[in-house]
J.: 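Shown below is the structure under consideration.
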Amino acid sequence: MSTVSTVVGGISFWYAQEGTPAPREPLPGDTSVDVCIVGGGYTGLWTAYYLKKAVPFLNITVLEAKFCGYGASGRNGGWLYNGIAGRDRYAKLHGHEAAVRLQKAMNETVGEVVRTAAEEKIDADIHQGGVLEVAHTPAQLARLKDFHSVEIAFGETDRILRGARETAERVHVTGAVGSTWTPHGARLHPAKLVKGLADAVEALGVTIHESTPVTEIKPKHAVTPYGTVRAPYVLRCTEGFTASLKGQKRTWLPMNSSMIVTEPLPARIWDAIGWEGRETLGDMAHAYFYAQRTADDRIALGGRGYPYRFGSATDNDGRTQPATVTALRDLMVRLFPVTAGVHVDHAWSGVLGVPRDWCATVTLDRSTGLGYAGGYVGSGVATANLAARTLRDLIQQDSGQAGPTELTALPWVNHRVRRWEPEPFRWLGVHGMYAAYRAADRRETTSPRPGTDRIAKAADRIAGRH
């Protein structure tokens, strides 16, 4: 094994490879605009993009605490796929057909991102190979088959169920006993997408101020150390960093997720693994992994690691605990034993936003002009785009420029959820939940029974996931 050390932190491998962008100027002082967007990640930038395209005369400003893509948008696993957090709950609240419409919109969103990136000449290493999710145990296989059936019931009729042999012909994941594949997914380079999108937004005439942390959002005001931006519409697009805003400590929980990426792998290793379709890859474990084969033939793999910091704190530039790096590397070698001797070039972490009921949402309060979108629970690469187009339609409807649309009628619009518990109950609950999930995964590995372990079922109920 190589003696070269692994880079830990530094925001992400994606930025180590791509380079951090040249800094944009901070807010120079008090100002007034038509729309103020707080957060320069996918949600904020896509919202600015679609609003400016729809209404070119709008004066739009984006405020970003660090630089565009510093948060989850520049650190994620590069999964552009059709999953959306909370769909099953929305089916219970609004009916099956409403949730089918939401799923259809998500399916179409994957293609929307691919098309728009091409139109704007954003080279983000996008490869639309679909999403392959595998099962390793009898319990996982039972969940996978149930999941497959449910997805078909929500209109995904182009989804394919594969057995062990067919799965190995796609990607040789050791111990995989089956898989489900959907074409509604693509691999991409997160930092290239967010950097290209920021440039596209600026080219349309949107103003972006970086190094400008917003400390408080209130009706028609976004308050920063450099001045206050006044606007009829102020949109919160801060996802996992929402807790840093005044009054938002318990709104969305910042859940940690960590990643590693290998050195570029030689042809002999890829001959053993396969993965020629470059599908994004995951599994049906409770503490699941997510992975991609990068454009330069590395494996990028992620998982939960240390799930939550006390007091809704966030990491410092993606720094990751050594135990998490080791655990992710061990997982990779279990999945692909042929990688036992390869070097892990980089490890990093990021946070994702988790509402108390695990449901993503997009909201505009017509009485105050305050809006927000997020709570994606790790599925934000595509969901942010749908949220942004929905915010565009909600603002156009509210301002009298347009009427209701298919997007404004989706069941996740204006969904309300209670706040998270105060500390220390929040910390105890999250760490207890993931300890339970890891225990359930271990028990399922040695059990011949197809049912989900009772510990995981109890954790789901306590967490409010079902």
Side-chain angles (χ1 to χ4, degrees), residues 26-27 30-33 35-41 43-44 47 61-66 70-73 85-86 209-256 308-316 350-377 380 384 387 391 394-395 398 412-430 464:
L27 181 71
D30 293 346
T31 189
S32 297
V33 298
V35 181
C36 177
I37 297 171
V38 180
T43 304
T47 301
T61 288
V62 176
L63 303 177
E64 164 55 41
K66 298 281 189 176
Y70 174 83
S73 298
H209 290 299
E210 295 180 326
S211 301
T212 306
V214 172
T215 56
E216 183 180 8
I217 296 174
K218 51 188 179 180
K220 298 179 173 52
H221 295 76
V223 181
T224 86
Y226 301 106
T228 297
V229 178
R230 293 171 175 82
Y233 298 101
V234 180
L235 308 179
R236 190 187 81 220
C237 303
T238 48
E239 190 58 357
F241 290 84
T242 299
S244 64
L245 293 166
K246 183 178 180 180
Q248 303 294 333
K249 182 72 73 174
R250 293 164 54 195
T251 299
W252 290 335
L253 185 141
M255 187 80 74
N256 293 299
Y308 172 71
R309 289 176 170 83
F310 190 87
S312 293
T314 55
D315 63 74
N316 182 14
V351 293
L352 48 103
V354 181
R356 188 60 182 85
D357 65 354
W358 302 72
C359 291
T361 188
V362 55
T363 293
L364 180 67
D365 186 332
R366 302 185 71 174
S367 66
T368 63
L370 295 178
Y372 61 85
Y376 303 133
V377 196
L391 280 172
L394 288 169
I395 288 175
D398 182 71
W412 71 327
V413 174
N414 293 330
H415 174 71
R416 302 292 181 177
V417 63
R418 69 182 176 91
R419 289 153 64 84
W420 281 89
E421 291 77 3
E423 297 291 20
F425 304 108
R426 196 158 69 244
W427 188 93
L428 291 169
V430 174

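One-based numbering along the sequence shown. Since this is a predicted model, take the numbers as computed values, not measurements. For the numbers below, each heavy atom of this structure counts, side chains included, while hydrogens, waters and symmetry mates do not.
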J.: Answer with yes or no whether the side chains of Thr242 and Tyr372 bring together a donor and an acceptor at under 3.5 Å.
T.: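 Short answer, no.
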
J.: Among Val430, Leu352, Val377, Val351, which residue meets the side-chain contact (heavy atoms from CB on, under 4.5 Å) test with Leu253?
T.: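 Result: among Val430, Leu352, Val377, Val351, Val430 is the only option passing the side-chain contact (heavy atoms from CB on, under 4.5 Å) with Leu253.
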
J.: May I ask you to test the Thr363-Arg416 pair for a side-chain heavy-atom distance under 4.5 Å?
T.: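 Heavy-atom side-chain distance check passes, below 4.5 Å.
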
J.: Within a reach of under 6.0 Å around NZ of Lys220, are more than 12 heavy atoms found that belong to other residues, nucleotides or ligands?
T.: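 Atom NZ in Lys220 is crowded, with more than 12 foreign heavy atoms closer than 6.0 Å.
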
J.: Grab the two heavy atoms, one from Tyr226 and one from Pro213, that are nearest each other, plus how far apart they are.
T.: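 For Tyr226 and Pro213, the tightest heavy-atom pair comes out as CE1-CD, 4.4 Å.
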
J.: How close do Ala243 and Ser312 get, heavy atom to heavy atom, and via which atoms?
T.: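 What the structure gives for the nearest pair is CB-CB, 3.7 Å.
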
J.: In sequence, state the C-alpha distance, the side-chain angles, and the governing distance for Thr43 and Glu239, and then conclude on side chain to side chain contact (heavy atoms under 4.5 Å, CB included).
T.: CA-CA 9 Å; Thr43 304; Glu239 190 58 357; 5.9 Å; no

J.: For residues Val417 and Thr361, determine if any side-chain heavy atom of one lies less than 4.5 Å from a side-chain heavy atom of the other.
T.: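 Val417 vs Thr361: side chains apart.
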
J.: Sequence neighbours left out, what pairs pass salt bridge (charged side-chain N to carboxylate O under 4.0 Å, His left out) with at least one residue falling in residues 358-375?
T.: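 As it turns out, the salt bridge (charged side-chain N to carboxylate O under 4.0 Å, His left out) pairs with a partner in residues 358-375, which skip direct neighbours, are Arg366-Asp398.
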
J.: Side-chain contact, heavy-atom cut-off 4.5 Å: Thr47 with Val35?
T.: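 Not in contact.
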
J.: Between Thr215 (side chain only) and Val223 (backbone N and O only), is there a donor and an acceptor less than 3.5 Å apart?
T.: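 Yes, Thr215 side chain to Val223 backbone: donor-acceptor pair under 3.5 Å.
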
J.: Could you report the tightest heavy-atom contact between Ala373 and Leu391, atom names first, then the distance?
T.: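 Nearest pair, atom of Ala373 first, then Leu391: CB-CD1, 4.0 Å.
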
J.: Ignoring hydrogens and angles, tell me if any N or O in the side chain of Glu423 forms a donor-acceptor pair with the backbone of Gly311 under 3.5 Å.
T.: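 Yes; at least one donor-acceptor contact below 3.5 Å.
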
J.: Do Thr31 and His209 come close enough that some side-chain heavy atom pair is under 4.5 Å?
T.: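 Thr31 vs His209: side chains apart.
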
J.: Check whether any side-chain heavy atom of Val229 lies under 4.5 Å from a side-chain heavy atom of His221, and answer yes or no.
T.: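 Of all side-chain heavy-atom pairs linking His221 with Val229, none is under 4.5 Å.
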
J.: Could you give the distance from NE2 (His415) to CG (Asp357), rounded to the nearest 0.5 Å?
T.: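 Between atom NE2 of His415 and atom CG of Asp357 there are 3.5 Å.
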
J.: Taking C-beta and beyond as the side chain, do Val234 and Pro219 meet within less than 4.5 Å on heavy atoms?
T.: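 No; the side chains remain at least 4.5 Å from each other.
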
J.: Hey, does the Lys NZ or Arg CZ of Arg356 hover above the aromatic six-ring of Trp420, less than 6.0 Å from the centre and inside 45° of the axis?
T.: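 Yes, Arg356 and Trp420 form such a contact.
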
J.: Specify the closest pair of heavy atoms between Ile37 and Gly44, including all atoms of both residues, with the distance to one decimal.
T.: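 Of all heavy-atom pairs spanning Ile37 and Gly44, the closest is CG2-CA, 3.5 Å.
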
J.: Any sub-3.5 Å donor-acceptor pair from Arg426's side-chain atoms to Glu421's backbone N or O?
T.: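 Yes, because the side chain of Arg426 sits within donor-acceptor range (under 3.5 Å) of the backbone of Glu421.
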
J.: If you compare all heavy atoms of Ala387 against all heavy atoms of Val362, which two are closest, and at what distance to 0.1 Å?
T.: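 Shortest heavy-atom separation between Ala387 and Val362 comes out as O-CG2, 3.8 Å.
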
J.: Hey, is the main chain of Thr212 close enough, under 3.5 Å, to the side chain of Glu64 for a donor-acceptor pair?
T.: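 Judged by distance alone, no pair lies under 3.5 Å.
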
